[in-house]
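Note that the structure is a prediction, hence the values are computed from the model and not measured. A note on names: the letters A, B, ... follow the listed sequences, proteins ahead of strands, and every chain is numbered from 1.
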2 protein chains.
Amino acid sequence: MTEVDQADRFARAREAQSVALIEDYVEMIGDLIAELGEARVADIAERMGVAQPTATKAVARLKREGFATSRPYRGVFLTEEGAALAERVRARHRTVVALLVAVGVPEEVAELDAEGIEHHVSEQSLKAFEQFLQGK
Amino acid sequence: MTEVDQADRFARAREAQSVALIEDYVEMIGDLIAELGEARVADIAERMGVAQPTATKAVARLKREGFATSRPYRGVFLTEEGAALAERVRARHRTVVALLVAVGVPEEVAELDAEGIEHHVSEQSLKAFEQFLQGK
DNA sequence: GATGATATATAGCCTATGCTATATTTAAAT
DNA sequence: ATTTAAATATAGCATAGGCTATATATCATC
């Protein structure tokens, strides 16, 4: 059977959390490139609300995991994989906000909560959300 | 105005995350006490899917923050504050699962996703969920 | 009441994310 | 071309959560 105990559920949530920061940074870098042509570490730090060395460290992780590229003292760019991830994250974010609004959550609150919720929404839930939104 | 920029949103999500583990442990300890009369560290560790020293460390944090009490080599208990938190968390969990199911997410998936989602659902969203569920 | 099994605690390590302070590089301005 | 300002990198520290290995305490049993 589909034996999924509580320990597995928590393990899943922990895993989702470890991916969450990557997703946030990748999406944000995508935004900055779209808006400004490039993503500077200083801008990333400001938008993420962290100190600049924290952003630098995050970028190092993104590079290590193949989502971004950069050269010292230069802007940050997304790999193909990074860009694809950014697009997926962006779409999921929109869907989550739309669903929250659809069930009566005020727009502003929906944006706030979605930032945390989205990372825990599985593909299956996302599909359900989309169908629900269509059938309205 | 209600000036809430993206950095604030991420800060909020980070804060929610730091509270999440506390909530999970407190809820689980509440469950164990309800089921078995007391919460042993070994049982907590098993259900959380972590090693026993990890659970011990978590309990130390709960004690430090006033949610639990325990004496060496004895079971763990909740303070009044801890019990109240456990009840709130449990209720929120039920509501989140119910909402997911209501918008078409399969029961099993809803349980899985709720474990991560619930910690990011604000009071306002929760209220909206409840109203939505009633109005069905 | 001594002994062996079980449960809990402690020590020590790792990784991730945050920070401040400071060095280094790039870019701008005189 | 120097000098200065701004951006980025690096060093070093803290906390949180995870782990394994091991010490210590409790409990059950003989």
Side-chain angles (χ1 to χ4, degrees), chain A residues 6-26 28-29 32-33 36-77 115-116 119, chain B residues 6-26 28-29 32-33 36-77 115-116 119:
Chain A
Q6 198 151 14
D8 290 335
R9 289 208 289 276
F10 286 125
R12 236 180 76 102
R14 281 196 297 270
E15 169 59 22
Q17 196 48 42
S18 103
V19 176
L21 255 210
I22 288 184
E23 292 182 342
D24 285 338
Y25 274 100
V26 162
M28 166 138 313
I29 291 169
L32 285 168
I33 292 172
L36 311 174
E38 71 172 344
R40 311 299 304 263
V41 168
D43 296 332
I44 296 169
E46 193 199 331
R47 292 225 189 163
M48 290 295 295
V50 299
Q52 167 259 309
T54 301
T56 299
K57 217 183 261 190
V59 169
R61 184 177 165 203
L62 294 185
K63 291 170 72 172
R64 184 157 27 99
E65 304 198 12
F67 295 111
T69 59
S70 77
R71 296 197 334 277
Y73 296 97
R74 285 289 134 80
V76 179
F77 297 91
E115 205 61 67
H119 303 291
Chain B
Q6 197 150 13
D8 291 334
R9 290 207 289 276
F10 286 125
R12 235 180 75 103
R14 281 195 298 272
E15 169 60 21
Q17 195 49 40
S18 102
V19 176
L21 256 209
I22 288 184
E23 293 182 341
D24 285 338
Y25 274 100
V26 162
M28 166 138 314
I29 291 168
L32 286 168
I33 291 173
L36 310 175
E38 70 172 344
R40 310 299 303 261
V41 168
D43 296 332
I44 296 169
E46 192 200 330
R47 292 225 188 161
M48 290 296 295
V50 299
Q52 168 259 309
T54 301
T56 299
K57 216 185 264 190
V59 169
R61 186 176 164 204
L62 295 186
K63 290 170 73 172
R64 184 157 26 98
E65 305 199 11
F67 296 110
T69 60
S70 77
R71 298 198 332 277
Y73 295 97
R74 285 288 136 80
V76 180
F77 297 92
E115 204 61 67
H119 303 290

Asker: I need the CZ-P distance between Arg74(B) and dA25(D), as an integer number of Å.
Answerer: 13 Å
Asker: For the pair made of CD in Glu46(B) and P in dT6(C), what is the distance, rounded to whole Å?
Answerer: 15 Å
Asker: What is the distance, rounded to the nearest whole Å, between atom CZ of Arg71(A) and atom P of dA7(D)?
Answerer: 19 Å
Asker: Could you tell me how far apart Lys57(A) (NZ) and dC19(C) (C1') are, to the nearest whole angstrom?
Answerer: 9 Å
Asker: On DNA chain C, compare the nucleotides closest to Leu21(A) and Tyr73(A); which residue's is nearer the 5' end?
Answerer: Leu21(A)
Asker: Quick one: CZ on Phe67(B) to CD1 on Ile29(B), what's the gap to the nearest 0.5 Å?
Answerer: 11.0 Å
Asker: Please determine whether side chain to side chain contact (heavy atoms under 4.5 Å, CB included) holds for the pair Val19(B) and His119(B), giving the CA-CA distance in whole Å, both sets of side-chain angles, and the decisive distance to 0.1 Å.
Answerer: CA-CA 8 Å; Val19(B) 176; His119(B) 303 290; over 6 Å; no
Asker: Let me know, please, whether Ser18(A) or Gly75(B) comes out on the 5' side of the other along DNA chain C by nearest nucleotide.
Answerer: Gly75(B)
Asker: Can you tell me the distance, in whole Å, between the NZ atom of Lys63(B) and the C1' atom of dA9(C)?
Answerer: 11 Å
Asker: Considering only heavy atoms and no angle criterion, is a donor-acceptor pair shorter than 3.5 Å present between the side chain of Gln52(A) and the base of dA7(D)?
Answerer: no
Asker: Under 4.0 Å, heavy atoms only, any strand: does Ala42(B) hit a base, just the sugar-phosphate, or nothing?
Answerer: sugar-phosphate
Asker: How about Ser70(A) and Lys63(A): does a side-chain donor come under 3.5 Å of a side-chain acceptor?
Answerer: yes
Asker: Calculate the interatomic distance between Ile44(A) atom CD1 and dA9(D) atom P; express it in whole Å.
Answerer: 10 Å
Asker: Classify the nucleic acid contact of Pro72(B) as base, sugar-phosphate or nothing, counting any heavy atom under 4.0 Å across all strands shown.
Answerer: sugar-phosphate
Asker: Please determine whether a side-chain nitrogen or oxygen atom of Arg40(B) lies at a distance below 4.0 Å from atom OP1 or OP2 of dA9(C).
Answerer: no
Asker: Send over the distance from Met48(A) CE to dG18(C) C1', rounded to a whole Å.
Answerer: 12 Å
Asker: Would you say Thr56(B) places a side-chain N or O within less than 4.0 Å of OP1 or OP2 belonging to dA9(C)?
Answerer: yes
Asker: Pick out which of Arg9(B), Arg14(B), Arg12(B) makes a salt bridge (charged side-chain N to carboxylate O under 4.0 Å, His left out) with Glu115(A).
Answerer: Arg9(B)
Asker: Rounding to a whole Å, what distance do you find between Arg14(B):CZ and dG18(C):C1'?
Answerer: 8 Å
Asker: Return the nearest nucleotide to the side chain of Ala51(B); candidates are dT26(C), dC19(D), dT20(C).
Answerer: dC19(D)
Asker: At under 4.0 Å, does any side-chain N or O of Thr54(A) touch on OP1 or OP2 of dT17(C)?
Answerer: no
Asker: Rounded to the nearest 0.5 Å, how far apart are CD of Glu46(A) and CD of Gln6(B)?
Answerer: 11.0 Å
